[in-house]
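Accompanying notes for the structure given below.
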2 protein chains.
Amino acid sequence: MADRVISLTPTTALFLWHGVMRRALREEHPDLTARQFALLLQVFLTPPPHTVRGLAADLAMSKPAVTRALDRLGRLDLVRRKRDKDDRRSILVQRTVKGSVYLREFGDLAAKVAKDLP
Amino acid sequence: MADRVISLTPTTALFLWHGVMRRALREEHPDLTARQFALLLQVFLTPPPHTVRGLAADLAMSKPAVTRALDRLGRLDLVRRKRDKDDRRSILVQRTVKGSVYLREFGDLAAKVAKDLP
DNA sequence: AAGATCCGTTTCGCTTGCGAAACGAATGCG
DNA sequence: CGCATTCGTTTCGCAAGCGAAACGGATCTT
(Lines give C-alpha, C1' and ligand atoms only; values in the text may rest on other atoms or scores of the structure.)
Protein backbone atom coordinates (compact mmCIF):
# COMPACT_ATOMS: atom_id res chain seq x y z
CA MET A 1 0.00 0.00 0.00
CA ALA A 2 1.38 3.37 -1.02
CA ASP A 3 0.00 5.62 1.68
CA ARG A 4 1.32 5.25 5.14
CA VAL A 5 1.34 6.79 8.59
CA ILE A 6 4.89 7.91 9.13
CA SER A 7 4.63 8.52 12.81
CA LEU A 8 1.61 8.35 15.10
CA THR A 9 2.43 8.72 18.75
CA PRO A 10 -0.08 7.69 21.42
CA THR A 11 -0.80 11.29 22.34
CA THR A 12 -1.35 12.33 18.76
CA ALA A 13 -3.68 9.40 18.30
CA LEU A 14 -5.81 10.66 21.17
CA PHE A 15 -6.06 14.12 19.67
CA LEU A 16 -6.88 12.59 16.33
CA TRP A 17 -9.67 10.50 17.81
CA HIS A 18 -10.96 13.43 19.76
CA GLY A 19 -11.14 15.68 16.72
CA VAL A 20 -12.79 13.06 14.57
CA MET A 21 -15.40 11.97 17.09
CA ARG A 22 -16.20 15.52 18.02
CA ARG A 23 -16.89 16.42 14.44
CA ALA A 24 -18.64 13.18 13.62
CA LEU A 25 -21.06 13.82 16.48
CA ARG A 26 -21.81 17.29 15.24
CA GLU A 27 -22.53 16.18 11.70
CA GLU A 28 -25.10 13.62 12.74
CA HIS A 29 -23.17 10.98 10.89
CA PRO A 30 -25.83 8.36 11.51
CA ASP A 31 -24.35 7.27 14.78
CA LEU A 32 -23.36 3.67 14.43
CA THR A 33 -22.34 1.73 17.46
CA ALA A 34 -18.73 0.62 17.72
CA ARG A 35 -19.71 -2.83 16.61
CA GLN A 36 -21.74 -1.64 13.66
CA PHE A 37 -18.90 0.56 12.49
CA ALA A 38 -16.32 -2.17 12.96
CA LEU A 39 -18.54 -4.50 10.96
CA LEU A 40 -18.86 -1.97 8.16
CA LEU A 41 -15.08 -1.54 8.03
CA GLN A 42 -14.54 -5.27 8.09
CA VAL A 43 -16.78 -5.76 5.07
CA PHE A 44 -15.16 -3.00 3.08
CA LEU A 45 -11.53 -3.45 4.02
CA THR A 46 -11.09 -7.20 3.96
CA PRO A 47 -11.60 -9.48 0.98
CA PRO A 48 -14.91 -11.31 0.50
CA PRO A 49 -16.72 -13.51 1.04
CA HIS A 50 -18.22 -12.26 4.29
CA THR A 51 -20.62 -14.56 6.08
CA VAL A 52 -22.44 -13.96 9.34
CA ARG A 53 -20.49 -16.58 11.21
CA GLY A 54 -17.23 -15.36 9.72
CA LEU A 55 -17.90 -11.80 10.73
CA ALA A 56 -18.95 -12.93 14.18
CA ALA A 57 -15.63 -14.71 14.59
CA ASP A 58 -13.60 -11.86 13.12
CA LEU A 59 -15.09 -9.29 15.43
CA ALA A 60 -15.64 -11.47 18.48
CA MET A 61 -19.36 -10.89 18.62
CA SER A 62 -22.35 -13.22 18.78
CA LYS A 63 -24.25 -14.20 15.66
CA PRO A 64 -27.45 -12.44 16.74
CA ALA A 65 -25.42 -9.29 17.23
CA VAL A 66 -24.14 -9.59 13.67
CA THR A 67 -27.66 -10.15 12.37
CA ARG A 68 -28.89 -7.04 14.12
CA ALA A 69 -25.96 -4.97 12.96
CA LEU A 70 -26.65 -6.10 9.40
CA ASP A 71 -30.29 -5.15 9.85
CA ARG A 72 -29.26 -1.64 10.78
CA LEU A 73 -26.57 -1.27 8.13
CA GLY A 74 -28.92 -2.75 5.55
CA ARG A 75 -31.67 -0.28 6.43
CA LEU A 76 -29.13 2.48 5.92
CA ASP A 77 -28.18 0.82 2.63
CA LEU A 78 -24.53 0.65 3.65
CA VAL A 79 -24.27 -3.08 3.03
CA ARG A 80 -26.49 -5.69 1.37
CA ARG A 81 -27.35 -9.30 2.10
CA LYS A 82 -27.27 -11.90 -0.63
CA ARG A 83 -27.94 -15.59 -0.38
CA ASP A 84 -25.06 -17.83 -1.32
CA LYS A 85 -26.12 -19.89 -4.33
CA ASP A 86 -23.68 -22.67 -3.55
CA ASP A 87 -24.78 -23.06 0.05
CA ARG A 88 -28.18 -21.58 0.50
CA ARG A 89 -27.89 -21.61 4.27
CA SER A 90 -25.25 -18.90 4.11
CA ILE A 91 -25.64 -15.27 3.23
CA LEU A 92 -22.95 -13.14 1.68
CA VAL A 93 -22.61 -9.60 2.93
CA GLN A 94 -21.85 -7.30 0.05
CA ARG A 95 -20.70 -3.72 -0.27
CA THR A 96 -22.94 -0.96 -1.57
CA VAL A 97 -22.13 2.29 -3.27
CA LYS A 98 -23.64 4.20 -0.40
CA GLY A 99 -21.44 2.37 2.07
CA SER A 100 -18.42 3.21 -0.02
CA VAL A 101 -19.37 6.87 -0.06
CA TYR A 102 -19.99 6.86 3.66
CA LEU A 103 -16.56 5.45 4.43
CA ARG A 104 -14.82 7.71 1.97
CA GLU A 105 -16.37 10.70 3.71
CA PHE A 106 -15.27 9.37 7.05
CA GLY A 107 -11.74 8.86 5.79
CA ASP A 108 -11.68 12.36 4.38
CA LEU A 109 -12.81 13.73 7.72
CA ALA A 110 -10.09 11.88 9.58
CA ALA A 111 -7.43 12.99 7.12
CA LYS A 112 -8.55 16.56 7.41
CA VAL A 113 -8.51 16.44 11.20
CA ALA A 114 -5.03 14.92 11.09
CA LYS A 115 -3.79 17.70 8.90
CA ASP A 116 -5.01 20.41 11.26
CA LEU A 117 -3.71 18.71 14.38
CA PRO A 118 -2.10 20.86 17.10
CA MET B 1 3.20 19.92 20.12
CA ALA B 2 6.21 17.87 19.20
CA ASP B 3 4.61 14.72 17.89
CA ARG B 4 2.75 14.88 14.64
CA VAL B 5 1.07 12.83 11.94
CA ILE B 6 3.19 13.37 8.90
CA SER B 7 0.72 12.03 6.40
CA LEU B 8 -2.61 10.37 6.98
CA THR B 9 -4.54 9.70 3.83
CA PRO B 10 -8.27 8.90 3.95
CA THR B 11 -7.65 5.27 3.07
CA THR B 12 -4.99 4.85 5.70
CA ALA B 13 -7.30 6.41 8.25
CA LEU B 14 -9.90 3.75 7.49
CA PHE B 15 -7.39 0.96 7.99
CA LEU B 16 -6.22 2.58 11.17
CA TRP B 17 -9.77 2.82 12.53
CA HIS B 18 -10.48 -0.72 11.50
CA GLY B 19 -7.44 -2.10 13.25
CA VAL B 20 -8.06 -0.16 16.41
CA MET B 21 -11.76 -0.94 16.71
CA ARG B 22 -11.22 -4.57 15.89
CA ARG B 23 -8.69 -4.93 18.66
CA ALA B 24 -10.58 -2.76 21.10
CA LEU B 25 -13.62 -5.02 20.70
CA ARG B 26 -11.57 -8.11 21.35
CA GLU B 27 -10.01 -6.76 24.49
CA GLU B 28 -13.31 -5.99 26.16
CA HIS B 29 -12.23 -2.43 26.61
CA PRO B 30 -15.36 -1.49 28.55
CA ASP B 31 -17.30 -0.54 25.50
CA LEU B 32 -18.11 3.11 25.79
CA THR B 33 -20.56 4.65 23.38
CA ALA B 34 -19.26 7.20 20.92
CA ARG B 35 -20.60 9.99 23.10
CA GLN B 36 -19.10 8.62 26.28
CA PHE B 37 -15.73 8.26 24.65
CA ALA B 38 -15.87 11.72 23.09
CA LEU B 39 -16.77 13.12 26.50
CA LEU B 40 -13.85 11.36 28.12
CA LEU B 41 -11.47 12.74 25.52
CA GLN B 42 -12.92 16.21 25.87
CA VAL B 43 -12.29 16.21 29.61
CA PHE B 44 -8.73 14.98 29.29
CA LEU B 45 -7.59 16.84 26.20
CA THR B 46 -9.02 20.29 26.71
CA PRO B 47 -8.28 22.64 29.61
CA PRO B 48 -10.61 22.80 32.62
CA PRO B 49 -12.99 23.74 33.94
CA HIS B 50 -15.53 21.34 32.48
CA THR B 51 -19.15 21.83 33.41
CA VAL B 52 -22.13 19.80 32.29
CA ARG B 53 -23.47 22.70 30.35
CA GLY B 54 -20.15 23.39 28.69
CA LEU B 55 -19.62 19.77 27.74
CA ALA B 56 -23.12 19.57 26.33
CA ALA B 57 -22.38 22.56 24.11
CA ASP B 58 -18.92 21.31 23.11
CA LEU B 59 -20.18 17.93 22.02
CA ALA B 60 -23.60 18.93 20.75
CA MET B 61 -25.50 16.71 23.12
CA SER B 62 -28.32 17.32 25.56
CA LYS B 63 -27.67 17.93 29.24
CA PRO B 64 -29.38 14.71 30.35
CA ALA B 65 -27.16 12.82 27.95
CA VAL B 66 -24.10 14.39 29.57
CA THR B 67 -25.41 13.52 33.03
CA ARG B 68 -25.90 9.92 32.03
CA ALA B 69 -22.51 9.69 30.37
CA LEU B 70 -20.92 11.08 33.53
CA ASP B 71 -22.81 8.50 35.57
CA ARG B 72 -21.29 5.76 33.47
CA LEU B 73 -17.78 7.20 33.36
CA GLY B 74 -17.97 7.93 37.06
CA ARG B 75 -18.99 4.35 37.87
CA LEU B 76 -15.95 3.23 35.89
CA ASP B 77 -13.89 5.77 37.83
CA LEU B 78 -12.65 7.37 34.61
CA VAL B 79 -13.79 10.87 35.65
CA ARG B 80 -15.05 12.42 38.87
CA ARG B 81 -17.70 14.98 39.72
CA LYS B 82 -16.92 17.80 42.10
CA ARG B 83 -19.15 20.65 43.16
CA ASP B 84 -17.92 24.10 42.29
CA LYS B 85 -17.31 25.96 45.54
CA ASP B 86 -17.76 29.34 43.91
CA ASP B 87 -21.06 28.48 42.26
CA ARG B 88 -22.61 25.53 43.98
CA ARG B 89 -25.09 24.99 41.19
CA SER B 90 -22.30 23.87 38.89
CA ILE B 91 -20.25 20.72 39.00
CA LEU B 92 -16.71 20.42 37.77
CA VAL B 93 -15.77 17.28 35.92
CA GLN B 94 -12.30 16.20 36.90
CA ARG B 95 -9.81 13.71 35.59
CA THR B 96 -8.88 10.56 37.46
CA VAL B 97 -5.76 8.45 37.39
CA LYS B 98 -7.72 5.54 36.06
CA GLY B 99 -9.04 7.65 33.21
CA SER B 100 -5.54 8.72 32.40
CA VAL B 101 -4.36 5.14 32.31
CA TYR B 102 -7.31 4.11 30.18
CA LEU B 103 -6.58 6.75 27.57
CA ARG B 104 -2.88 6.08 27.58
CA GLU B 105 -3.57 2.45 26.84
CA PHE B 106 -5.89 3.42 24.06
CA GLY B 107 -3.29 5.75 22.58
CA ASP B 108 -0.68 3.04 22.77
CA LEU B 109 -3.01 0.65 21.00
CA ALA B 110 -3.63 3.13 18.20
CA ALA B 111 0.06 3.89 17.82
CA LYS B 112 0.86 0.22 17.66
CA VAL B 113 -1.80 -0.43 15.05
CA ALA B 114 -0.51 2.50 13.01
CA LYS B 115 2.98 1.10 13.08
CA ASP B 116 1.93 -2.27 11.77
CA LEU B 117 -0.31 -0.87 9.07
CA PRO B 118 -0.27 -2.58 5.64
C1' DA C 1 -37.08 39.89 50.30
C1' DA C 2 -39.36 38.10 46.23
C1' DG C 3 -39.37 36.74 41.61
C1' DA C 4 -36.80 35.36 37.69
C1' DT C 5 -33.08 32.73 35.98
C1' DC C 6 -29.58 29.20 35.73
C1' DC C 7 -27.60 24.65 37.04
C1' DG C 8 -27.56 19.66 37.00
C1' DT C 9 -30.64 15.92 37.83
C1' DT C 10 -34.70 13.06 37.60
C1' DT C 11 -38.80 11.30 35.54
C1' DC C 12 -41.38 9.73 31.65
C1' DG C 13 -42.24 6.96 27.60
C1' DC C 14 -39.80 5.09 24.02
C1' DT C 15 -36.15 2.95 21.06
C1' DT C 16 -32.24 0.11 20.55
C1' DG C 17 -28.95 -3.26 21.68
C1' DC C 18 -27.54 -7.48 24.15
C1' DG C 19 -26.85 -12.98 24.91
C1' DA C 20 -29.04 -17.44 25.52
C1' DA C 21 -31.94 -20.44 23.67
C1' DA C 22 -35.07 -22.21 20.38
C1' DC C 23 -36.19 -22.23 15.58
C1' DG C 24 -36.87 -23.59 10.36
C1' DA C 25 -34.36 -24.43 6.39
C1' DA C 26 -30.36 -26.38 4.01
C1' DT C 27 -26.67 -29.53 3.85
C1' DG C 28 -23.74 -33.47 5.23
C1' DC C 29 -23.31 -38.07 6.79
C1' DG C 30 -24.25 -42.87 7.90
C1' DC D 1 -33.42 -42.52 3.26
C1' DG D 2 -33.20 -40.91 8.03
C1' DC D 3 -30.64 -38.19 11.38
C1' DA D 4 -27.26 -35.01 12.86
C1' DT D 5 -25.10 -30.75 11.95
C1' DT D 6 -24.69 -26.04 10.38
C1' DC D 7 -26.62 -21.79 8.64
C1' DG D 8 -28.84 -17.29 9.86
C1' DT D 9 -32.80 -15.64 12.20
C1' DT D 10 -36.23 -14.95 15.78
C1' DT D 11 -37.91 -14.89 20.39
C1' DC D 12 -37.36 -13.85 25.15
C1' DG D 13 -36.30 -11.00 29.07
C1' DC D 14 -33.43 -7.50 30.25
C1' DA D 15 -30.20 -3.42 30.39
C1' DA D 16 -28.95 1.05 28.64
C1' DG D 17 -29.48 5.25 26.06
C1' DC D 18 -32.33 8.95 24.18
C1' DG D 19 -34.98 13.87 24.35
C1' DA D 20 -38.62 16.62 26.39
C1' DA D 21 -40.29 18.25 30.32
C1' DA D 22 -40.55 18.96 35.13
C1' DC D 23 -37.89 19.44 39.25
C1' DG D 24 -35.28 21.38 43.55
C1' DG D 25 -31.62 24.09 44.87
C1' DA D 26 -28.41 28.04 44.11
C1' DT D 27 -27.70 32.53 42.35
C1' DC D 28 -28.90 36.91 40.33
C1' DT D 29 -31.84 40.95 39.87
C1' DT D 30 -34.51 44.57 41.45
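Letters go in sequence order (proteins before strands), and every chain restarts at 1.
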Select base, sugar-phosphate, or nothing to describe what B/R68 touches, counting heavy atoms under 4.0 Å on all strands.
base
What nucleic acid atoms does A/S90 come within less than 4.0 Å of, heavy atoms only: base, sugar-phosphate, or nothing?
sugar-phosphate
Taking for each residue the nucleotide of DNA chain C bearing the nearest heavy atom, is the 5' side occupied by A/R72 or by B/G54?
B/G54
B/L8 backbone acceptor or donor facing B/T12 side chain under 3.5 Å:
no
Indicate the atoms forming the closest heavy-atom contact of A/A110 with B/W17, along with that distance.
CB-CZ3, 4.2 Å
Residue whose nearest DNA chain D nucleotide is more 5′ - A/D71 or B/A65:
A/D71
Using side-chain heavy atoms (C-beta onward) and a distance below 4.5 Å, is B/F44 in contact with A/L14?
no
Determine, step by step, whether B/F106 and B/V20 satisfy the side-chain contact (heavy atoms from CB on, under 4.5 Å) criterion, reporting the C-alpha distance in whole Å, the side-chain angles of both residues, the deciding distance to 0.1 Å, and the verdict.
CA-CA 9 Å; B/F106 182 85; B/V20 170; 3.8 Å; yes
On a heavy-atom basis, the closest approach of A/R81 and A/I91 is CG-CD1, 3.7 Å
Rounded to whole Å, how long is the line connecting atom CG of B/L92 with atom P of C/dC7?
13 Å
Between the side chains of A/T51 and A/R53, is a donor N or O closer than 3.5 angstrom to an acceptor N or O?
yes
How close do B/Q36 and B/D31 get, counting heavy atoms only, and between which atoms?
OE1-O, 4.5 Å
Each nucleotide N or O in nucleotides 26-30 of chain C that has a protein N or O under 3.5 Å away: list the pair and distance.
from: C/dT27; atom 1: OP1; to: A/R88; atom 2: N; distance (Å): 2.9

So B/R83, base contact, sugar-phosphate only, or nothing? Heavy-atom distance under 4.0 Å.
nothing
Is the phosphate of C/dT5, meaning OP1 or OP2, less than 4.0 Å from a side-chain N or O of B/R53?
no
For A/Q36 and C/dT16, what is the distance between atoms CD and P respectively, to the nearest whole Å?
11 Å
Where DNA chain C forms stems, i.e. three or more consecutive Watson-Crick or G-U pairs with both distances under 3.5 Å
C:1-30 with D:1-30
Can you name the nearest heavy-atom pair linking A/L59 to B/R22, along with the distance?
CD2-CG, 3.9 Å
Should A/H18 and B/T46 be marked as a side-chain contact (heavy atoms from CB on, under 4.5 Å) after you check the CA-CA gap, both sets of side-chain angles, and the distance that decides it?
CA-CA 10 Å; A/H18 178 231; B/T46 66; 3.8 Å; yes
Taking CZ from A/R75 and C1' from C/dT15, how many angstroms apart are they, rounded to a whole number?
11 Å
Can you give the first and last nucleotides of DNA chain D, 5' to 3', that have an atom under 4.0 Å from a heavy atom of chain B?
D/dG17 to D/dT27
Kindly say whether A/G74 contributes a backbone atom to a donor-acceptor pair with the side chain of A/R80 at under 3.5 angstrom?
no
In this structure, how many angstroms lie between the P atom of C/dC6 and the CD1 atom of B/I91, rounded?
19 Å
May I ask you to test the B/V93-B/L39 pair for a side-chain heavy-atom distance under 4.5 Å?
no
By nearest-nucleotide position on DNA chain C, the 5'-leaning member of A/A60 and B/V66 is B/V66
Under a 4.5 Å cut-off applied to non-hydrogen side-chain atoms, are A/L32 and A/L73 in contact?
yes
Euclidean distance, atom CG of residue B/L32 to atom P of C/dC18 [Å, nearest integer]
15 Å
Nearest whole angstrom, please: distance from the P of C/dG17 to the CZ of B/R35.
14 Å
